[in-house]
Number of protein chains: 2
Amino acid sequence: MHISADDLIAVLKGEGLRITEARRAICEVIAVEHDDHLSPTEVHERAQVVAKQPIDPSTVYRTLEVFERLELVHHVHLGHGPGVIHLSAADQHHHLTCDRCGATIDVPAQALEPFFSGLHDAFGFTVNPSHFALGGLCRDCEHSENSG
Amino acid sequence: MHISADDLIAVLKGEGLRITEARRAICEVIAVEHDDHLSPTEVHERAQVVAKQPIDPSTVYRTLEVFERLELVHHVHLGHGPGVIHLSAADQHHHLTCDRCGATIDVPAQALEPFFSGLHDAFGFTVNPSHFALGGLCRDCEHSENSG
DNA sequence: GTCAATGCAAACTTTTTGCAACTCC
DNA sequence: GGAGTTGCAAAAAGTTTGCATTGAC
């Protein structure tokens, strides 16, 4: 599913919130489909480029907070660093992150559905498939580990 | 499986490393079975109590680094905060962490085995079951969400 | 004009690093 | 005695907060 910056801005307007240059820029940055997996710091850097004006880091944090509250975005923990921002409207998927090379593999949520419903049955726990990555070794790194 | 502080110290000795009061204390803290899920900061606090002398935080970080290199411990990301320290020799298990109340449910690794081997078949990815928690809602929080 | 939003600076938390002093083996 | 360890201090990175000012509606 594709979401445009305008879609995000429309939600803000609908909530009675104000549209500023900083917010417009942040919306554009996170709406770019292939710019998934951005940390707040990266959102900040790119937003400044888009806005062609300085934006304070705290503004980015506060804006992302608003967006999370409105459930426009959520954050995912892929590894050791800071969480990364994800559009909630994007395809739901889980992440497999290689502990060695850092590669991230996206897994469609429906591929995990049977597993998650099994967990729900056994433990009464409803997994949010997109909050944490699963760590491990990707194919390449496993092979090089076995042979090296 | 139970591991004692002495077991850990024996490994250090076997590696030709030195046993200091700080390390002895840290070994005792992380070997206590029910003191799972300690952050480095918590390890630090408790180690000082055990050692009855001040220990520098950097010493704790450096010691935990050594322990990870020797694969005596590893760290697990349960939520937003810092990773927590886990004895590698403890029973392998995965963690389910409630995003709302923070409760952590331990799931035996073998319960997840079929799922993980399915992921391996489909994506060539070997999951490390104990590096990240799965986020979601525990039974209680899900019920209160539905009814509230 | 009002109130949300911003910039700035400061504080905070967690973690890392350099270096001299120490002490375990 | 020598090398592994430590404490201290400073720095780094990421994030949060207070407050006066600005600017969207």
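Below, chain A is the first sequence line, B the second, and so on; all start at residue 1.
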Nucleic acid footprint by protein, nucleotides 17-25 of chain C - heavy-atom cut-off 4.0 Å, B for base, S for sugar-phosphate alone: BB----BBS
State which residues pass side-chain contact (heavy atoms from CB on, under 4.5 Å) with B/E65; sequence neighbours excluded, sorted by chain then number. none
According to ring pair (Phe, Tyr, Trp, His ring centres under 6.0 Å), who are the partners of A/H95, at least two apart in sequence or on a separate chain? A/H37, A/H86, A/H93
Show me, pair by pair, the donor-acceptor contacts under 3.5 angstrom made by side chains of residues 69-79 of chain B, not counting sequence neighbours?
{"unit_1": "B/H74", "atom_1": "ND1", "unit_2": "B/S88", "atom_2": "OG", "d": "3.2"}
{"unit_1": "B/H75", "atom_1": "ND1", "unit_2": "B/E68", "atom_2": "OE1", "d": "3.2"}
{"unit_1": "B/H75", "atom_1": "ND1", "unit_2": "B/E68", "atom_2": "OE2", "d": "2.8"}
{"unit_1": "B/H75", "atom_1": "NE2", "unit_2": "A/H80", "atom_2": "NE2", "d": "2.7"}
{"unit_1": "B/H75", "atom_1": "NE2", "unit_2": "B/H131", "atom_2": "NE2", "d": "3.2"}

Interatomic distance, B/E42 CD vs C/dT14 C1' [rounded to whole Å]: 13 Å
Atom-pair distance (NE2 on A/H44; P on C/dT6), nearest Å: 12 Å
B/E42: side-chain contact (heavy atoms from CB on, under 4.5 Å) partners, not counting sequence neighbours: B/L38, B/S39, B/E45
Donor-acceptor contacts under 3.5 Å from residues 52-59 of chain B side chains, at least two apart:
{"unit_1": "B/D56", "atom_1": "OD2", "unit_2": "B/S58", "atom_2": "N", "d": "3.0"}
{"unit_1": "B/D56", "atom_1": "OD2", "unit_2": "B/S58", "atom_2": "OG", "d": "2.6"}
{"unit_1": "B/S58", "atom_1": "OG", "unit_2": "B/R62", "atom_2": "NH2", "d": "3.1"}

For atom CZ of A/R69 and atom C1' of C/dA4, their distance in whole Å: 12 Å
Atom pair distance, as rounded to whole Å: CD1 in A/I26 and C1' in C/dA5: 11 Å
For B/F123, give me all partners under ring pair (Phe, Tyr, Trp, His ring centres under 6.0 Å), at least two apart in sequence or on another chain. none
What's A/P40 touching, base or sugar-phosphate or nothing? Going by heavy atoms closer than 4.0 Å. sugar-phosphate
If the condition is side-chain contact (heavy atoms from CB on, under 4.5 Å), which residues does A/V50 pass it with, not counting sequence neighbours? A/A25, A/E28, A/V29
For the residue pair B/R46 and B/I26, establish whether any side-chain heavy-atom pair is separated by less than 4.5 Å. no
Measure the CG-CG distance between B/N128 and A/L137 for me, rounded to the nearest 0.5 Å. 7.5 Å
Using side-chain contact (heavy atoms from CB on, under 4.5 Å) as the criterion, list what pairs up with B/F115, not counting sequence neighbours. A/L112, A/F115, A/L134, B/L119
On DNA chain D, which is the earliest and which the latest nucleotide, 5' to 3', with an atom closer than 4.0 Å to a heavy atom of chain B? D/dG2 to D/dC8
When the axes are fitted on five pairs at both termini, how much does the helix from C/dG1-D/dC25 to C/dC25-D/dG1 curve, in 10° steps? 30°
Assign A/P57 to base, sugar-phosphate, or nothing according to its heavy-atom contacts below 4.0 angstrom with the strands shown. nothing
Sequence neighbours excluded - side-chain hydrogen bond (donor to acceptor under 3.5 Å, both in side chains) pairs with any residue from residues 6-21 of chain A: A/S4-A/D7
